[in-house]
Amino acid sequence: MIRVKNSVIKAAILDMDGVLWRSQTPLCDLFALFANFDKHSISVVLATNNGTNSISQYVDKLKGFGVTVDQSQVVTSTMAVSYLVKKHFPQGGPVYISGSQALIDTMAEYGFYHSKENPQAVVAGLSWDCNFESIKNTSLMIQKGLLFFFTNPDPTYPTPEGNVPGAGTLLAALETATGVKAMLAGKPLPFIFEVALERLKTLPSETIVVGDRLNTDIQGGYDAHCKTVFVLTGVNTREDLNNWSPQPDLIIDNIQDLFNIK
Ligand SMILES: [Mg+2]
């Protein structure tokens, strides 16, 4: 049994980049970690702001580390932005999509398709092949006065080389070019946490949100009334806590410190 601030924990919403791995490098023995979640009867949902990969790519990546999860245990910002766009346009239809194949595929599951002709909105996110041309075309489309949705605001993405430009860098370019603020879907906004808690069927007070980034994971977990666990294997450092509120409920060096894994 694990307790955080006197609450018995029944479920965990885990960030992945900077918590489970950096790019292809695992940050602990992931097989042992997930075996411990099972042993302690803690249900797990993996929730990431990274919108460049599909759900099945995450399932496959975990499988490569010896961990079996179901597709329903993975929630991404492409799903969150699709859910948000659907709230505004329940009938689905044409939208201007600028982002990864995962974004296009997820939007299709919600009834939307990419079109330059009469789009109802602009929906954007990071793709690894974005370039000046794609940024230009997206910004011209936003300037037509369409609603502008964007997957997630993370400024950087942790890799073994260091922190490289993330979706927030592209977001800043589009907002700077157009003067239009995007409607955001990823953490710290509530949509990913709403979907995760629905799937876990647990109360926020018995659910931990584990993340390496204060302004997305910890802020979002706090806003969702979950217990928050800050890990030091990713983007933010212990020093960053000095000027930060809300403080996390638990601070650990590595996610394996939730259990006694050696
Ligand atoms: Mg992270």
Side-chain angles (χ1 to χ4, degrees), residues 12-28 30 33-34 37 44-55 57-59 61-62 65 67 69 73-81 100 102-103 125-128 150-172 184-193 195-196 207-224 226-241 244 246-258:
I13 301 172
L14 309 182
D15 182 45
M16 292 187 273
D17 294 308
V19 174
L20 300 182
W21 51 62
R22 275 177 178 261
S23 292
Q24 304 307 316
T25 311
L27 292 165
C28 68
L30 295 177
L33 176 72
F34 279 78
F37 280 120
V44 173
V45 159
L46 302 145
T48 180
N49 264 1
N50 187 340
T52 59
N53 297 318
S54 67
I55 303 285
Q57 282 173 306
Y58 283 111
V59 171
K61 184 164 180 173
L62 282 155
F65 295 125
V67 176
V69 299
Q73 285 176 268
V74 183
V75 184
T76 70
S77 66
T78 62
M79 198 181 281
V81 80
S100 64
L103 178 61
L126 183 65
S127 83
W128 299 123
F150 198 88
T151 51
N152 63 297
D154 305 43
T156 55
Y157 174 78
T159 75
E161 291 176 281
N163 296 327
V164 302
T169 306
L170 174 61
L171 172 66
L184 294 168
K187 297 179 266 186
L189 286 109
F191 311 110
I192 280 185
F193 299 102
V195 174
T207 306
I208 49 173
V209 169
V210 185
D212 65 308
R213 196 186 277 280
L214 296 170
N215 65 356
T216 55
D217 303 310
I218 303 306
Q219 183 69 54
Y222 175 85
D223 290 342
C226 296
K227 302 292 177 208
T228 54
V229 179
F230 176 47
V231 296
L232 296 169
T233 44
V235 168
N236 283 131
T237 63
R238 200 181 281 277
E239 288 66 46
D240 293 332
L241 285 169
W244 175 258
Q247 288 285 310
D249 293 305
L250 184 66
I251 302 159
I252 51 180
D253 289 326
N254 186 296
I255 190 170
Q256 70 182 1
D257 299 338
L258 282 174

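Both counts, for ligands and for their atoms, begin at 1 and track the order of listing. From a predicted model like this one, the values you see are computed outputs, not experimental measurements.
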(message) For Leu103, is there any backbone N or O sitting under 3.5 Å from a side-chain donor or acceptor partner on Ser100?
(response)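 Confirmed, Ser100 side chain pairs with Leu103 backbone.
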(request) Rounded to the nearest 0.5 Å, what's the gap from CD1 on Ile55 to OG1 on Thr48? Could you check? (result)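 Output value for this atom pair is 9.5 Å.
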(message) Taking Asp15 first and then Arg213, would you say they form a salt bridge - that is, a charged N and a carboxylate O separated by under 4.0 Å?
(response)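 No salt bridge links Asp15 with Arg213.
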(request) Pull up every protein N/O/S atom sitting under 2.8 Å from the Mg ion (ligand 1), skipping waters. (result)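 Listed by chain and number, the nearby protein N, O or S atoms are Asp15 OD2, Asp17 O, Asp212 OD1.
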(request) Give a yes or no on this: more than 12 heavy atoms of other residues, nucleotides or ligands lie within 6.0 Å of atom OH of Tyr222. (result)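 It does not: Tyr222 OH has 12 such atoms or fewer within range.
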(request) Applying side chain to side chain donor-acceptor pair (under 3.5 Å) between Lys187 and each of Asp217, Asp223, Asn215, report the one that passes. (result)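 Result: among Asp217, Asp223, Asn215, Asp217 is the only option passing the side chain to side chain donor-acceptor pair (under 3.5 Å) with Lys187.
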(request) Please name all residues satisfying side chain to side chain contact (heavy atoms under 4.5 Å, CB included) with Pro190, sequence neighbours left out, ordered by chain then number. (result)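 Pro190 satisfies side chain to side chain contact (heavy atoms under 4.5 Å, CB included) with Glu194 once adjacent residues are dropped.
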